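I have placed the structure first, in the form of structure tokens, so that the comments after it can refer back to it.
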There are 2 protein chains.
Amino acid sequence: MKVEKISELTIDRLSIYLRCLELLSKEGVETISSQDLATRFNLNSAQIRKDLTQFGEFGVRGVGYAVVKLRDCLRAILGLEVSHNIGIIGAGNMGIALADYEGFTGSNFKAVALFDNDQEKIGRKTKLGIEIYDVKNLKDIIKEKFIDIIVLAVPASVIQLVLDQVVAAGIKGVLSFAPVQLQVPEDVTVKIVDLTISFHSLSHALINSGIRPNNRGVKADEEEKNLVVICKEQERSS
Amino acid sequence: MKVEKISELTIDRLSIYLRCLELLSKEGVETISSQDLATRFNLNSAQIRKDLTQFGEFGVRGVGYAVVKLRDCLRAILGLEVSHNIGIIGAGNMGIALADYEGFTGSNFKAVALFDNDQEKIGRKTKLGIEIYDVKNLKDIIKEKFIDIIVLAVPASVIQLVLDQVVAAGIKGVLSFAPVQLQVPEDVTVKIVDLTISFHSLSHALINSGIRPNNRGVKADEEEKNLVVICKEQERSS
DNA sequence: AATTGTGAATTCCTTCACAGCC
DNA sequence: GGCTGTGAAGGAATTCACAATT
């Protein structure tokens, strides 16, 4: 068996395919072709097939894919046959919102604990009843509650420090909301959700489509050119 | 002047470069080489130079880049010379957390309004004083408060409906937290922050590093193989 | 007839390596 | 000497197009 390295992009798409298959199976659809799946997103049918065949041959030529079977296979590939308990560090607005995040319901991800170092907050519970623990007890609570994923919702200034403790506690999967490069051992996976990049990217798109905030209406074609000119001028004047 | 299409990946990296330059300029560093920048993240110095030269020639051969100048150019390219007012639709946990998100402070993004259709919530304010408006008044408030970016923090079931109203109100930049494919006209940019994909991806990584939740310790090398076998067996048995 | 699985072609992105410049 | 800007090489991801299969 080939054990080709599987790309992150493929994994992300599997998640998207799975979402659609969950829907289809609820609708009672029994079989779907890669072409049908492809048109539901803006994807290429060959890409779907390529992605899937990296894990086995799930389809039937001339027929398509059995929805329920493929769904179960994707669940297995994505490690969703076991449930995951999530601990969230940082009981600020973001941490608490995530703890009670409705996106978890119906999935096998479950927020089970919040952590903070603010004595005011420790001992309190969220609306959905998730307790805030002292981050000093991180390691113990992780074991006690079988936490395998930690979400970091703490200020950027302390995040590496916190992460080191998380790693020391044996956690191998981390999701961070701070826009900061993080250092971890090779066997720990860190995903960063960087809202700053998303907003900057939106801002760039706005500028380039010629829409100024307040709708002052700058012409689109001229825009990128103008920017370069601004920069080139600055370059010369320095 | 060439008007080559600039890739999304490049734009995202510009945001990262900018973040570092903001830091460097605060530290009083006046000049930096692409090599120095590259080692600060795990990037290739040629990539940084390639990214930058798509917008002009900002560097000085033999010297490097002037930190403050490059910072200002990146700000201009990313459309950060004007400030952006953000409206958030959905005054649930997530929406409110975002409204008071500390990541905005010091940036020129500012949450200025929340929207909801729950009469209970309308008229209330967040801790930081951002008011919740009736989504019926969306268009008016957008104009009144010069909102140019809308964040969607509403349930997936109604998101396309809400988005249609947002587009009708003339908004060209949208950030969505719902894991759902969205339809918009060509001139509207939608960014999706898909936490489900992030968690699935983490889950996959955990499975593949041989770490089971609860640390039951499955051997790593065997894992992907096992999954395929599971799937192939299901395939045969169907 | 229809649809998968896949080598080949293509496109896109990254990295190398060096000419050009300060 | 040191560093940028860039053509060329290399690598990765996507798409095409068709043989294989039911």
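Below, each value reflects all heavy atoms present in this structure, side chains not excepted, and no hydrogens, waters or symmetry copies. The model shown is predicted, which means the values in this text are computed figures rather than measured ones.
With hydrogens and angles left out, the side-chain atoms of Ser45(A) and Arg49(A) include a donor and acceptor closer than 3.5 Å.
At the heavy-atom level, Thr10(B) lies nowhere under 4.0 Å from the strands shown. Counting any heavy atom pair closer than 4.0 Å across all strands shown, Ser45(A) reaches no nucleic acid atom. If you check every strand for non-hydrogen atoms under 4.0 Å, Leu9(A) touches sugar and phosphate atoms only.
Rounded to an integer number of Å, the gap from Gln54(B) CD to dT14(C) P is 10 Å. In this structure, CD1 of Ile6(A) is placed 15 Å from C1' of dA13(D), rounded to the nearest angstrom. Rounded to an integer number of Å, the gap from CG of Asp51(A) to P of dG5(C) is 12 Å. In this structure, Lys69(A) atom NZ and dT4(C) atom P are separated by 12 Å, rounded to whole Å. Rounded to whole angstrom, the span from the CD1 atom of Ile32(A) across to the C1' atom of dT4(C) amounts to 14 Å. The separation between Gln47(A) atom CD and dA17(D) atom C1' is 16 Å, rounded to whole Å. Following rounding to the nearest Å, Asn44(B) (CG) and dG10(D) (P) show an atom-to-atom distance of 16 Å. Between the C1' atom of dG1(D) and the CD atom of Gln35(B) lies a distance of 15 Å, rounded to the nearest Å.
Contact annotation: Ser34(A) side-chain N/O to dT3(C) OP1/OP2 distance is not under 4.0 Å. The phosphate of dT14(D) has OP1 or OP2 within less than 4.0 Å of a side-chain N or O from Arg13(A). Of the side-chain N and O atoms in Tyr65(B), one or more sit less than 4.0 angstrom from OP1 or OP2 of dG5(D). Contact annotation: Thr53(A) does not reach the phosphate of dG5(C) (side-chain N/O to OP1 or OP2, under 4.0 Å).
Summarising the local packing, CD of Glu30(A) is surrounded by 12 or fewer heavy atoms from other residues, nucleotides or ligands at distances under 6.0 Å.
Ring to ring, Phe109(B) and Phe199(A) are close: their centroids are under 6.0 angstrom apart.
Comparing dA17(D), dT15(C), dA13(D) by their nearest atom to the side chain of Ala46(A) picks out dA17(D). Closest approach to the Arg61(B) side chain among dT22(D), dT15(C), dT4(D) is made by dT4(D) (side chain taken as heavy atoms from C-beta onward).
Judged by distance alone, the side chain of Glu81(B) and the main-chain N or O of Arg75(B) form no donor-acceptor pair under 3.5 Å.
A donor and an acceptor atom never sit less than 3.5 Å apart when one is taken from the side chain of Lys50(A) and the other from the base of dT14(D).
The side-chain heavy atoms of Asp148(A) and Ile142(A), taken from C-beta on, include no pair separated by under 4.5 Å.
Residue-to-nucleotide proximity on DNA chain D shows that, of Glu8(A) and Leu52(B), the 5′-proximal contact is made by Leu52(B).
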